[in-house]
Amino acid sequence: MKQRLGKLRDYLLHDLIERDTAVRLALLSALAGEHLLLIGEPGTAKSILARRLHLVFREGDYFERLLTRFTVPEELFGPLSIKALENDRYERLTKCYLPGANIAFIDEVFKANSVILNALLTILNEREFDNGDQRIKLPLIAVIGASNELPDNPELDALYDRFLCRYKVSPVSEKAFPQLLALSDSAQRPVPENERLSMQEVRQIQQQAQSVTLPQDVMLLLQTLRLYLQQKSLYISDRRWRKIIKLMQVSAVTNERTSISIWDCWLLQHCLWDEPGHRKLISEWYQSHMGIGSGFNHERLEKLVHTWETTLQKEASSTTQSRNAAGEPLYEDSDGRPTTLKDKSKVATRDGEPLYLAPPDEDDRSNKGTGYTRDELLVSFFDDIYQQCHINGKWKHINAYINKSANRLSHHHQNTPIMEAARYAEVFINARSRETQAIFDDINLLKGKLQQQQLSLEQTIAEHLWIPAAFSEKAARSLSRAIEAASSLSNRMELVTAGYSKLQRE
Amino acid sequence: MHSLHALDQKFAILDELPESLYALVITHSHGELYQRAAGVMQWRESLLAGELPCAQQLSWPEEHICLTILKRLEALDIVQYCHQQEELTDSVVESILDGVSSAEEFSRKIAGVDSFDDKQAQRQNIRDRDSAFEDHDGLSDHLDSSSAASN
């Protein structure tokens, strides 16, 4: 059946440009017994799509009508039967009208006036029609509604809600425009009779879909999405959620699966929006959930790993002053020997002769660091006869002056601290290792999840009937990039953890 | 089992950290990273609102350290000045991070002693003020345990 449905889908797609998603949604929603709404400008192949969809089914009639504000019920539901009126019965002749069709295309559906709205709602929802005093079951499979604009009248909200799948049809892009111009007007390929679907087969698909299971991961995804939509003030009715499950069950069963896959949830973006802008929001959320598109926030983890790399580098290159066994800090003296002295004074000499400071009342006692020899002192500051100088109110002989160590010129040598790599407490290293290991584990967990996602993508989506190939390819590329980035981050974090285990211990 | 999205959400809390606190929170040694980041943001949010956070609702740090810090902040009476003052608030949060490190180190050093008494908080000159924090152990001399508990 999957192969056959694929053929039918391709038949619908033939010569339609950039209508891939619309076609897939049309066929899937018809199989699920749901209605599709196409929003878009006139001349965007909306009615062609509906006409082709009708040809996919073996039995049943096709009905098409453009509504205006002045459309009367007769145009949609059929004229009143004169014969029945003669017999005092108010009945319509529904054959060849909406109640008699299996596929219907209603253009400008939101132009429906209140006279026909109630009957239309019943037809769409219950697939029943009140004809006179009888409520009749209709053969309707699906209605494709079309409109240029969204409904702006609250009265139409109920009608809008009846369309489970919604799709905005745009004119073909600039890129595909030449292809559109080159299209031949050759007749549409006929659908081989044996490929067409009978009503019984449609019912069978819907019946089988009922036993398709809803796995935990899909359940979680839907719960999370509902919360997200609530945060964005988007209300989705309980009925719509139920119908979405039904649609995804049909998606699963037609793809020969017994449970819904998270990839079937791709369809959600076409079922949950009220305004076209919301579709993008939901699509981005979905892609993020699936680890594609913006789903794997590489920058966030990059910053985290980089922070740890910088911290490790700082801590590993951090130095501390060496200490002796007694715990005293060690310095290197002018001869390169270790010492506990912070600085050392050395008596200054010139050509072996000791040097002295000028008397205290001089501004520059050191003579700009060159000092004075005994003879220079004598000549400059002491009298020639008694060899004395008046210092602090007393006469002082040069010999007494130079014998005082405070008057000697000495050079101070600041010993250099001996540095060594900082040592860290065992408990510090263990804490750092634990912390970085936890991040490494998280990144690896993420990488594993991305790989699982990639595998699931390959298994589920490759031949998916309802997801366009463009999405599968984009998802595959995006997942590959994410896995590559996660691997690189994981390797870097592993190096950080290893770096911490190599820190010097106290 | 974490879904990819749940995992992504777990990492997302890190985006909320202000730049000035990012590295400090990431490389802090107390508690688990994501809980720590969420806890720091709780502190920050309360301080920016000019209020002390509720100890029971804080996800970080451990309760005994948390209470000590709350008592200290109450004693310092600084919280009112943090109202809508991001720079001051982040500086206070930075001090909280330092304080937690010190408290953790102290607790480690006195391993075996299961309580951490903040004598400094007790010494604060706040006898005339009531405290919102219960002090069952009577550690803070400015508190009347019975009246605080009934508040």
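All chains are named by letter (A, B, ...) in the order of the sequence lines, taking the proteins before the strands, and each is independently numbered beginning at 1. Note that these values count all heavy atoms, side chains included, but never hydrogens, waters or copies made by symmetry.
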Can you tell which part of A:Arg434 gets under 4.5 Å to a heavy atom of chain B, answering side chain, backbone, both or neither? neither
Heavy-atom proximity to chain A below 4.5 Å, by part of B:Leu33: both
Chain B contact via A:Thr224 - side chain, backbone, both or neither, heavy atoms under 4.5 Å: side chain
Heavy atoms only: give me the nearest A:Arg300-B:Tyr22 pair and the separation to one decimal. O-OH, 4.2 Å
Whether over 12 other heavy atoms sit under 6.0 Å from B:Glu45 CD: no
Can you tell which part of B:His28 gets under 4.5 Å to a heavy atom of chain A, answering side chain, backbone, both or neither? backbone
I want to check something: taking the side chain as every heavy atom from C-beta on, are B:Thr27 and A:Glu435 in contact at a cut-off of under 4.5 Å? no
Is B:Gln80 atom CD crowded by more than 12 heavy atoms from other residues, nucleotides or ligands, each under 6.0 Å away? yes
Can you measure from NZ (B:Lys10) to CG (A:Leu446) and round to the nearest 0.5 angstrom? 10.5 Å
Would you indicate whether A:Gln313, at its atom CD, is surrounded by more than 12 heavy atoms from other residues, nucleotides or ligands within a distance under 6.0 Å? no
If you count heavy atoms of other groups shown closer than 6.0 angstrom to CD of A:Glu484, is the number above 12? no
Residues in side chain to side chain donor-acceptor pair (under 3.5 Å) contact with B:Gln84, at least two apart in sequence or another chain: none
Nearest 0.5 Å please: distance from the CD atom of B:Glu19 over to the NZ atom of A:Lys303. 3.5 Å
Using a 4.5 angstrom heavy-atom cutoff, name the option from A:Asp217, A:Ile439, A:Leu304, A:Thr311 with the most pairs to chain B. A:Leu304
